[in-house]
Structures are given as structure tokens and as C-alpha cells.
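The chain is numbered in sequence order, starting from 1. Just so it is clear, the model here is predicted, and its values are computed rather than measured.
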Amino acid sequence: MAVGRKEENMAVEIVKPRIDKRDYRRIVLQNNLEILLISDPETDKCAASMNVCVGAFSDPEGLEGLAHFLEHMLFYASEKYPVEDSYSKYITENGGSTNAFTSSEDTNYYFEVNADGFEEALDRFAQFFIKPLMSADATTREIKAVDSEHQKNLLSDPWRMNQLQKHLSVENHPYHKFSTGSWDTLEVRPKDRGIDTRQELLKFYSENYSANLMHLVVYSKDSLDKVEQLVRGKFQDIRNIDRNQIHFTGQPCTTEHLQILVRAVPIKQGHKLKIIWPITPGIHHYKEGPCRYLGHLIGHEGEGSLFYVLKKLGWATSLSAGESDWTNEFSFFKVAIDLTDAGQDHFEDIMGLLFKYIHLLQHAGASKWIFEELSAICETAFHYQDKIRPSDYVVNVAMNMQHYPPEDWLVASSLPSKFNPSVIQSFLNELNPDNVRIFWESTKFEGNTSMTEPWYGTAYSMEKVGGDSIKWMEHAPSEELHLPAPNVFVPTDLSLKPVFEKTKVPILLRKSPYSRLWYKPDTAFSSPKAYVMIDFSCPYCGHSPEAEVLTEIFTRLLMDYLNEYAYNAQVAGLYYDISKTNSGFQLTLFGYNDKLRVLLEAVVEKIAKFEVKPDRFSVIKELVTKQYQNFKFQQPYQQVMYYCSLLLKDKTWPWNEELEVLPNLKVDDLVKFYPLLLARSFMECYVAGNVEQAEAESMIQLIEDVFFKGPQPISKPLFASQHLTNRVVNLERGVNYFYAVEGLNPSDENSALVHYIQVHQDDFMLNVKLQLFALIAKQPAFHQLRSVEQLGYITVLMQRSDSGVHGVQFIVQSTAKDPKYIDSRVELFLKMFESKLYEMTTDEFKNNVNSLIDMKLEKHKNLREESRFYWREISDGTLKFDRRDREIDALKQLTQKELTDFFDEYIKVGVPRKKALSVRVYGSSHSSQFQAHKNEQIEPNAVQIEEIFSFRRSRPLYSSFKGGLGHVRL
């Protein structure tokens, strides 16, 4: 079949959001490459994404992971830019980031970069698809990186269960495949069969990477005409072999794989139920939105919903529903339920209730008012969507281009607009017992399984279940299930409030003994949204592990109690969260401001009138206990980060102590604790967005009246001595501290290291010196430690900030080498980097400074991003709202010698003023090294930390920015 030429000059009006000021243009090059150009004069970052319509489904037999491996290899070098890793180095040094991912039928490459560096970045990016170099040496090294990525996923339940679902499908269908790749699939097995992986890699690229199978999105600051000229010049040389679009026809599940009940043993504690049906792909009816409609109802959490009933019975803690794993040829509809221990014992009842609800939907027929309400919510969400990172935006659009006509590239499936009852009914009919696949995960199945999934080693058993759901439905509890009532939180007033004072930064609007209110009106986004943060500082919260855990249960119970009422708010685009902090708890509301006050009043009332319901206490306590128990299954790199924080942050409790106190906590403990928690408190408040000053003040006055006023106030103001502080351990100069410990999960072979260098407490000039060092060293560190030495897939150099105390850290996770060895390689890298820093030319120095300035000039893209930036200043207590401007001023004064002097004083290996801390977690593959290293003589200037809390008590602390701010004036 001949491949048709794409219509080059087809005039298309691309549907875009009402508030979107960007310009769009579709073009097709002579090589049949289809491109969407986006012009955004307001952007600070430019971006591009190339989506290649070839993915893991195209892996040759016996070379599992080849498409993913190719994705890795294209980053190395090209004929035009032959220096290895020069592309990633250029992107990083120009304030950008780059990445890629491989899915079933696509491989997507993307980057974003400062506007000044965009043209060259785009040229380097284009070479991926014109003449990449894939040297034999790089090929061997990068197979190790792919294997390290796979090792990272081996003990991850989502990866394991996803592969189990694939395993139980038609063997010769590509859905069945293992797609990540490993040393075994890309090196050992091919070599045993006399296959040269590199030759297969080159062949795969040559046969599949054709311009007609690619879609490019380019996001630029320039006009459409200018960016079109740029793009035509850089991408016209991509080969077009008119490769047929690959279609994988046929269904992955036949009758053999339907009506099955699979019991599987997860790694983590807990029970999950996934009910899955193969369905017609929703993409064929994307304007009718049948899957969105059914997902909305089956996944609803309001009164009368399936989840509402399961929760009331104490059987479930979460439920979600919707389409997943879809292609143009096949798709699945999934209902995922997190079960309680009690729910685990009521499998048949839960299945009965699910089919009862589906039966209710079938009997009721498609509801026009529900569809129209959902359609209105979706339309508001589309037209008032926040701007996001350009790299995220171009990826989303590039992924849409092959599935939707050009006019709907931005819309995709997000705007269901055609009510078609028969289409909804036909999809609903597919959710039947004859068609079902049930995956039931629980650690209770351990020792009672008979089969093992080959790639991840997941233990499971499988049995056939009859297609007759009547039995389940008959025995299900006679709870009243019904359709949701109209959503009272759907916004109706989307008008913008007048802003009389265009303040660039938050202002202290109001201050009392009970609270302080920071206010920032929307002067940048013209969006009908608001962001409200109320931080309750409660000294009693952190005085013991018991108090910490009780505060956690308290906040979880509040979320639990509010759920059926406030769920509608979230559906309508108004989000809320109540969560524990180190100093109390925090209430966050974000979304359309129209009904925000209504939700705020409901939440505040629930906090003020808090009561402990014994049945819900038991459920939440069980949930929290499992989360603490599952801490040991965290990735080793997460464990080293945890230990590092525990070593550095004062007044923090270890997870094992909190787990130890949990079993003994009773309802009565929380009943007694709640009044003590709120007995004395202070509220730090931030209100931003489409809210007038008087409204902001009124909100905080309301909360003060509820908690602090009246004849018997719930709370009293803090005493001067009670204002909480953020204190951080001040490491000793000239000492290399290290803390070594075995990994918490004996089954995990991965080890990890964090090598932390503590530098200073917040100071603009020192800040920018540290930031500039991190910018310059980031990519060389990644290249040396990951690409060259292949220490591990997770390898990163990044800044670290603890309550205004700044430093830099190397994080590496590895099965290849033990943490002490990796530590030595980090120090060797720093020695190698010295010469690069000293030999840097004046132009290179200036370019790096300018890149960092450009990054600081980058505007906030949306209200949430802006609010989080300012809230960080408030929560740390630094209150330097003009931080970016002040740091830009410091950068403009910085000399090259000052940067090298900074390195020599704070970072360089062995210097007397350096403060370093290494945290080493040893995985099971390095347990012998752990024992051996324990008995080795400690090097000069090194101090081994034997016990975390003795160490913490022995060290002085930095002063706290927070807690001494009672004297800030209005």
C-alpha cells in the first residue's frame, strides 16, 4: 500500500483556549514531516518535541527493549556534533532540560532551553533524526544504563503488576512483550544467538525512523514566519522512506484471557483490586466521550456512589475508574480499588456492588443532564487551563498529532460535546462479566500461588470465574446506590476582579496575635482562580512520635470526613488538601475562586467541630500503619535522602519510632489529643489570585472568629516562647562525615549514596556562586558518573536547601558498585572538574552567568507556580520576595576569580573549610562490602556517625529564619 502524502497547505483553524494568546500554524515539509509551530512572545523558554510513531511494540523478536535502547542512544552524539554528550551539555548550560520516553507505539524526544540558546539547541536536536552516531563503545555502556533502569523497577509494584497484565495476554500480540530491556535481553541472549545488538540497533533506526512517521512541535518566542524559516532549514534533511504506519491489529486478550481471577503477591503491604475490561478504543468516539462519562460515574465519590458505599462499609480507601493502555486498535477500561483488611474479606460483595452499579447505569440509560454538566466542566477547564512548562506542552501536543485531526490537536479528547446515548450504552454493555479480567493483589496470598511472571518474578495464581454476575449481585449488601445529584460547585462567575494596586510581590495585609496574612493579587495570569494557604503552627504537634502520628491521623480523618461533600468541588476544578507539617498542619485550596469561600467555610467548620468516629479511626489507622510499614520498600536513593534529612533537621522523628507507637494508639488518645493540638496555635496565611483585599481579610477573620473568639475558644494565641523554628545542623569544617547503613529491604540489590556538601546560610552572593557551580558541573557529573563509568541509572548533581541552609548533593543509585566506591568516584570527579573550572574561558564564564540570569528572569507560568515560590519564602521565614532580582544583581557583579575562589574554599576535595556528609545505603548485592567497610580504618579527617540522634545533639545548629518574625511591620 502506498503511503499518502500529507496535505501541505491545508488551511486549518486550530481550536485553542479562549484565554490563549499564542499563535499556531501547521506545516508539512517536502519530506512529509508534519509540524505544529507555536509562537509565544511572552515565553522565556523555548521547546521542541519530536514524536516518532514507533515504540516498544516494534521490538524485534528476541531483542526486548531495543526501541527503548535506541531512545537512550540518540542522546550520545551525531555526525555534525560528534563530541559525546555535547547535546545534553549544551542544553544544561543554556538553562534547559531534555529527556525522552518510549511507549507502546511511540518514542518521544523533547527539550526546553533559554530563548537565546534555542536555535543551536534545535539544530543539535534535529541531528537525532538525521545522522546520529552510535559507537560500539557507547552501545555497550548504554546497555548497562538500560539494565540499571530495569533494576530500579524490579521491586516496584506498578511495574510488576503492569507486566503481569501483559503476560496474561496473547503471546504473539505485541502487548504481551517486555519493553524496558535489560543486560540479558540486549547483550547476553543476542550474543548467545550470534546477534550483534549494535547492528540490529542501526537496522532498527534505518528501517523505522522515517520523516513521514514523525510529528514535530516547536514552541518559540519568535513570529510564526521566523520560526517556520528556522524549522524548514533544520528538519528538511530527515530521511523519508515512506514507511507504512505500523498497525498492530487483533486483540491482546482472547477468551482464554477473559473471565479470569488472578491473585498476585505485591512487594508492599496492602490489598488492591483491579477490574479490567477490553473495550472499543474511546478515541473512535472522542467527541462523544463515552469513557469519560462512565469513568466520571463509576469513579464518583459523592453520596450514592459505589465508592461512597464501599467506604461506608469500611471496605475501601480509594477508587478510580477510566480508560487506560489504549491504542487505535484496542483499549481497556479499569476500575482500581484500594481495599482495607475488612474489604479483603469481602471480595464477592465488592464485585456484586460494582456490577450492581453498572446494572443501575444500564437501567437508567445515559443521562443528558449529567453529560451536559460534565461537558460544561470540561469546557471551562479547557478554556481556562493554566500555562504549563513549554516542554510539557509540546510533548502533550506532539502525542496528540497522530491520533486527532489538526483542528483538535490542542483539544484531543478533553471536550466531550456530542451527547450520544447509544454510544455510551454500547460501551457500558462491554463492561460485562463475560469480558472481565480481575487482578487481586495482596500480601495475604504469599505462599498460596503456583505461578511466576518471568520478567519481574511476581508470584501469582489464576482461576476462571463464571460469567454470571447474578450470583455476586444477589449476595451483595442491599446498600442504596444512585446517580449523583447536580454539582453545586460548578463555577458560574468567571469574571476577573479589579486590581487597584499592581503589587509585584506579596504584601503583609493583616497581622494579629492569632495570624498573619500575606496577599498577592493576580497581576500576571488573568485567570478566575485563587490560591489559599493556611498554615496552623501548633507546638504540641511535634513534641513526640505519638503526637506526630496522631496529627497525621487527625488530618487524614478530616480529608475522609469531607470527601463525599468536597469531591464535587474537585470534579469542578476546586481542589483542597489538609496535610500534616513538621510544625502542625496545613490547609490548601486552589482553583476557581467562585465557590472557594463556600468550600473554605465547610472545611473550617469540620476542623472546629472535629470528632473521632471509631469506625473511620480504625480504617485510617490501618492505612497509616501500612504506609509506615511500606517505608522499607522505598528505593535506596529515597532512603539515603531520608537519612540525610534526619541527620540535618532538628526535631524530626524517625519512621520506625512512629511505626512502633502506632499499634497502641486508641480512639481515646485522639479524642484527648485534638484539644491539646489546637490549644495554642498561630496561622500563617497566604491568599493570592482573583481575590480582592477585603475578601482575603474576610476569609482570615472568619477563621479567627471560629477558632479564637467566643466564650470558650478552641485555640489561644501562642506565647512568645512557643513560636516554632526551623533549625538545621551546622556541620564542622574540614570534616567528612559519613553514615553507613544496610538497606531496609533485604531483597533490594540496589545501593545508594548521597554526597552532600553544606555551604552556607541564605546569602545572595553565596547563593549565586553555588547555583553557578551546580549549573556548570551538573552535566559533566552526569556524563562522567553515569554515561562513562555507568555507576547507575539514577545519577544526579543538584542543589539542596534546608530552611535557608544551602548546599549541593550528588545522588547515585547502583547495583554495579558499593556506596563507598561511588563516594570515591564522586571525589575523583570533583578533582577532575577542578581543571575544567580553572581552564574555563572568559566567554564560557559569561555564557554560564547569562544562562543563569535568563533562568532567573523566567516568569511564573501560572498562579500555583507563583504561589509556591512565595510560600517557600514564607515557610522558610526568609521573606526575600525579591530574591530573583537581588540574585541577578549579584550575578552581574560576580567575577570568574570569585567563582573559582568559592570552589576552592567550599567544594574542592580536602580544603579546610569544606563541610561534607556522605550517607551510604548498602543493598543486598553489597552486604559483604558493608561488613568489610565497618572494620576498615577510618581515613584522616573522616568521622563515622554511629547514631543519628547522638550526632544531632552533638552539633550546633544554624539560627532559624522562622519564629522570630513577630516584629514584621505592616
Side-chain angles (χ1 to χ4, degrees), residues 270-275 294-322 334-361 363-364 370 438 440 442 469 472-489 552-571 576-578 599 602-603 605-607 609-627 666-667 670-671:
H271 325 287
K272 291 180 189 289
L273 197 54
K274 287 178 187 150
I275 303 97
L294 294 175
H296 170 65
L297 291 176
I298 297 172
H300 209 279
E301 298 181 21
E303 193 178 340
S305 67
L306 173 62
F307 178 68
Y308 175 82
V309 168
L310 293 176
K311 184 184 148 191
K312 194 168 90 172
L313 292 165
W315 294 348
T317 56
S318 78
L319 185 150
S320 62
K334 292 187 184 180
V335 177
I337 309 171
D338 284 338
L339 305 177
T340 62
D341 289 345
Q344 173 73 3
D345 297 331
H346 286 273
F347 165 75
E348 291 200 356
D349 290 330
I350 292 168
M351 290 302 298
L353 284 165
L354 170 61
F355 278 109
K356 251 188 179 180
Y357 195 79
I358 291 170
H359 180 72
L360 165 73
L361 295 179
H363 184 71
I370 291 176
I438 305 167
W440 188 5
S442 174
S469 67
W472 283 336
M473 287 167 62
E474 280 178 350
H475 292 101
S478 56
E479 298 289 332
E480 192 189 339
L481 294 162
H482 59 79
L483 296 177
N487 190 337
V488 296
F489 284 101
E552 177 74 28
I553 294 173
F554 163 69
T555 58
R556 296 289 192 95
L557 278 171
L558 284 169
M559 291 291 287
D560 184 78
Y561 297 165
L562 283 159
N563 191 64
E564 52 261 26
Y565 170 74
Y567 176 76
N568 268 332
Q570 302 200 52
V571 170
Y576 76 104
D577 181 62
I578 308 168
L599 181 60
V603 174
E605 184 183 13
K606 197 62 82 173
I607 298 171
K609 296 181 177 176
F610 179 75
E611 57 178 314
V612 186
K613 300 174 184 175
D615 59 331
R616 299 315 297 164
F617 176 88
S618 298
V619 168
I620 298 300
K621 178 184 168 183
E622 179 192 313
L623 186 66
V624 171
T625 301
K626 283 174 186 164
Q627 287 177 346
K666 305 285 190 295
V667 168
L670 186 55
V671 170

Looking at every heavy atom in both [X] and [Y], which two are closest together, and how far apart are they?
{"X": "K626", "Y": "G270", "result": "CD-CA, 4.0 Å"}
{"X": "L481", "Y": "L353", "result": "CD1-O, 3.8 Å"}
{"X": "E301", "Y": "Y308", "result": "O-CB, 4.2 Å"}
{"X": "A342", "Y": "G314", "result": "CB-O, 3.8 Å"}
{"X": "P477", "Y": "D349", "result": "CD-CB, 3.9 Å"}

At what distance, to the nearest 0.5 angstrom, does [atom1] of [X] lie from [atom2] of [Y]?
{"X": "L558", "Y": "L562", "atom1": "CG", "atom2": "CG", "result": "6.5 Å"}
{"X": "N563", "Y": "Y576", "atom1": "CG", "atom2": "OH", "result": "5.0 Å"}
{"X": "S318", "Y": "L310", "atom1": "OG", "atom2": "CG", "result": "10.5 Å"}

Can you list everything that forms a side-chain hydrogen bond (donor to acceptor under 3.5 Å, both in side chains) with E605? Sequence neighbours excluded, please.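 Per chain and number, E605 pairs via side-chain hydrogen bond (donor to acceptor under 3.5 Å, both in side chains) with K609.
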Which residues pass the side-chain hydrogen bond (donor to acceptor under 3.5 Å, both in side chains) test with Q344, not counting sequence neighbours?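 Partners of Q344 under the side-chain hydrogen bond (donor to acceptor under 3.5 Å, both in side chains) test: W440, S442.
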So, do [X] and [Y] sit near enough that their side-chain heavy atoms are less than 4.5 Å apart?
{"X": "L297", "Y": "P484", "answer": "yes"}
{"X": "Q627", "Y": "R556", "answer": "yes"}
{"X": "I350", "Y": "L313", "answer": "no"}
{"X": "F610", "Y": "L557", "answer": "yes"}
{"X": "E480", "Y": "V309", "answer": "no"}
{"X": "F347", "Y": "I438", "answer": "yes"}
{"X": "L623", "Y": "V619", "answer": "no"}

Apply the test side chain to side chain contact (heavy atoms under 4.5 Å, CB included) to residues I298 and L361: give CA-CA distance (whole Å), side-chain angles for both, the deciding distance (0.1 Å), then the verdict. CA-CA 9 Å; I298 297 172; L361 295 179; 3.8 Å; yes
Taking the six-membered ring for Trp, are F554 and F617 ring centroids under 6.0 Å apart? no
Would you say the ring centers of H300 and F307 fall short of 6.0 Å from each other?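 Centroid separation for H300 and F307: 6.0 Å or greater.
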Flag yes if more than 12 heavy atoms outside K334 fall under 6.0 Å of its NZ atom; otherwise flag no.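 Enclosed: over 12 neighbouring heavy atoms sit under 6.0 Å from NZ of K334.
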Could you tell me how the ring of H359 sits relative to the ring of H363: parallel (under 30°), tilted (30 to 60°) or perpendicular (over 60°)?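 Ring orientation of H359 relative to H363: parallel.
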Between E564 and K311, is the closest basic N to carboxylate O distance under 4.0 Å? yes
Would D560 and T317 satisfy side chain to side chain contact (heavy atoms under 4.5 Å, CB included), going step by step from the backbone distance to the final call? CA-CA 9 Å; D560 184 78; T317 56; over 6 Å; no
Using only atom types and a distance under 3.5 Å, with no angle test, would you say the side chain of N568 pairs donor to acceptor with the backbone of F489?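 No; judged by distance alone, with no hydrogens or angles, the pair does not exist.
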D341-H271 side chain donor-acceptor pair, cut-off 3.5 Å: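 On atom types as modelled, these side chains qualify, holding a pair under 3.5 Å.
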